[in-house]
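For reference, the structure is listed below as structure tokens.
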Amino acid sequence: MVRRYVFPALRLLIWAVIAAALVKLAFAGADVTTEETGIVPTGQVVEPVVEATTGTITNAVTVTASVVADPAVPVRATLAGTVSEVLVADGQKVDAGTVVLKVRQETPRDPIEKTDPETGAVTVIERKPLVEIVEVKAPVAGTLALPTLKDQVVAVGDTVGQVAPGSLSVSGTLTPDQQYRLIGAPAEGTVTLKGGPAPFTCQGLRIGAASTDDADLEQVADPSVSTSGTVTCAVPGDVTAFAGLGADIEIVNGTAKDAVVVPVTSVQGTVQKGNVWVVAAEGEEPEEREVGLGLTDGEVVEITDGLEVGDLVLEFIPVPGAGEVDCADPSQYDPTVCGA
């Protein structure tokens with residue numbers, strides 16, 4: 001009888017009490033008041049601080065790039081006139097300075113009139129036009145593409161041919177952070193080809209503005225990454241490479257020894273000038289201070305002015321609008337600060 005009626009009734013009563021308690025918690029919330037117990041929350045937010053130290057910092061930037069064929073260089077006419085002679089065949093290899101064609105310009109001259117003093121008769125003497133011939137030369141060495149024909153009329157600046165140098169370069173895109181770090185960069189870098197020969201030094205490193213060509217933008221490895229510039233350097237002639245190969249360019253733009261450094265997370269700003277928040281004494285509000293910035297390796301930054309070794313600064317710059325948590329305000333209640 002007990003097992004059949006009493007125990008099932010008790011189980012139903014217990015489940016009913018549990019269900020009522022869950023409903024109360026769901027709609028009324030837990031009672032976090034401390035009036036009866038007298039317990040006062042003592043948790044507080046402690047902002048981590050770091051100490052300015054000395055160290056050696058190397059500003060080395062690695063750019064993801066690829067091998068590209070150098071573009072053809074146009075051969076332009078420097079005189080308006082008629083092509084009088086074509087000296088090089090289309091598709092022929094030429095050296096820099098090779099004369100590829102000649103342009104002839106004729107300028108008419110007014111006739112000369114002579115009057116006979118005795119008879120008064122006027123004689124008109126025609127004069128030959130002034131003739132100028134200019135040699136058009138290949139600007140670089142390479143393979144010449146020359147579609148221009150003899151007797152063709154050209155104007156100054158017209159493209160009469162193109163020379164494909166047949167050389168290769170390594171080219172990559174720069175993010176704004178990388179471009180700032182490469183201000184005043186040297187004219188060389190170290191290139192590592194994917195699956196190619198040992199790393200080599202490329203000369204003639206150039207940093208320019210980002211391309212607006214749609215075809216170039218499609219070659220960016222991550223389209224979501226903002227690009228603000230390009231970097232290009234020449235592949236030496238004795239290095240075997242092919243257009244389309246992936247590559248990395250490492251550019252070392254300065255090293256500083258025994259420099260005062262702090263984490264980059266402590267500094268507001270990245271170039272020339274920045275702000276840090278100095279902790280003068282425990283319990284006092286951090287003081288915002290302007291500092292001079294030098295080299296960075298992406299993890300720490302050199303402080304050239306405004307901090308001394310041993311100074312304490314906030315590890316992370318303050319978040320605008322962040323303040324103390326009001327535990328009495330349900331919308332701000334935080335168990336990590338106010339207690340469970």
Indicate yes or no: at least one non-hydrogen side-chain atom of [X] is less than 4.5 angstrom from one of [Y].
| X | Y | value |
| --- | --- | --- |
| Val235 | Val191 | no |
| Asp311 | Arg289 | yes |
| Leu293 | Val271 | no |
| Thr255 | Thr56 | yes |
| Val124 | Glu126 | yes |
| Glu132 | Thr107 | no |
| Glu51 | Leu312 | yes |
| Cys233 | Val231 | no |

Do [X] and [Y] sit in the same hydrophobic cluster, where Ile, Leu, Val, Met, Phe, Trp and Tyr count as joined when their side-chain heavy atoms come under 4.5 Å apart?
| X | Y | result |
| --- | --- | --- |
| Val239 | Val63 | yes |
| Val73 | Leu146 | yes |
| Val83 | Val94 | yes |
| Val291 | Val49 | no |
| Val170 | Leu174 | yes |

Which atom pair, heavy atoms only, marks the closest approach of [X] to [Y]?
| X | Y | answer |
| --- | --- | --- |
| Ala52 | Glu308 | CB-O, 3.6 Å |
| Glu188 | Ile251 | O-CG2, 4.2 Å |
| Ser84 | Arg104 | CB-CB, 3.8 Å |
| Val163 | Ala138 | CG2-CB, 4.2 Å |
| Thr54 | Val261 | C-CG2, 4.4 Å |
| Leu168 | Phe242 | CD1-N, 4.1 Å |

Keeping [X] on the side-chain end and [Y] on the backbone end, is there a donor-acceptor pair under 3.5 Å?
| X | Y | result |
| --- | --- | --- |
| Asn253 | Val61 | no |
| Thr296 | Gly298 | yes |
| Asp116 | Glu118 | yes |
| Asn275 | Glu288 | no |
| Arg127 | Asp110 | yes |

Decide yes or no on side-chain contact (heavy atoms from CB on, under 4.5 Å) for Val313 and Val50, but give the supporting numbers first. CA-CA 6 Å; Val313 298; Val50 293; 3.7 Å; yes
Got more than 12 heavy atoms from elsewhere within 6.0 Å of CD, Gln203? yes
Just wondering, more than 12 heavy atoms not from Phe200 lying within 6.0 Å of its CZ? yes
Just verifying a value: how many Å separate Lys102 NZ and Lys137 NZ, rounded to the nearest 0.5 Å? 11.0 Å
Distance (rounded to the nearest 0.5 Å) between Leu245 CG and Lys194 NZ: 11.0 Å
Apply the side chain to side chain contact (heavy atoms under 4.5 Å, CB included) test between Thr58 and each candidate in Leu295, Asp297, Val252; give the one that qualifies. Val252
Which residue is it: Thr53, Ile57, Ile303? I am looking for the one with a side chain to side chain contact (heavy atoms under 4.5 Å, CB included) to Val260. Ile303
If we ignore angles and hydrogens, is there a donor and acceptor under 3.5 Å between the side chains of Asp70 and Ser169? yes
What residues, two or more places apart in sequence or in another chain, satisfy side chain to side chain donor-acceptor pair (under 3.5 Å) together with Thr265? none
side-chain contact (heavy atoms from CB on, under 4.5 Å) for Val262 and Val301? Distances and angles first, verdict last. CA-CA 6 Å; Val262 296; Val301 60; 4.0 Å; yes
Could you go through the side-chain contact (heavy atoms from CB on, under 4.5 Å) check for Asp248 and Thr64 one step at a time? CA-CA 5 Å; Asp248 289 327; Thr64 301; 4.0 Å; yes
Output, in order, the C-alpha distance, side-chain angles, deciding distance and verdict of side-chain contact (heavy atoms from CB on, under 4.5 Å) for Val267 and Ile317. CA-CA 7 Å; Val267 183; Ile317 62 174; 5.8 Å; no
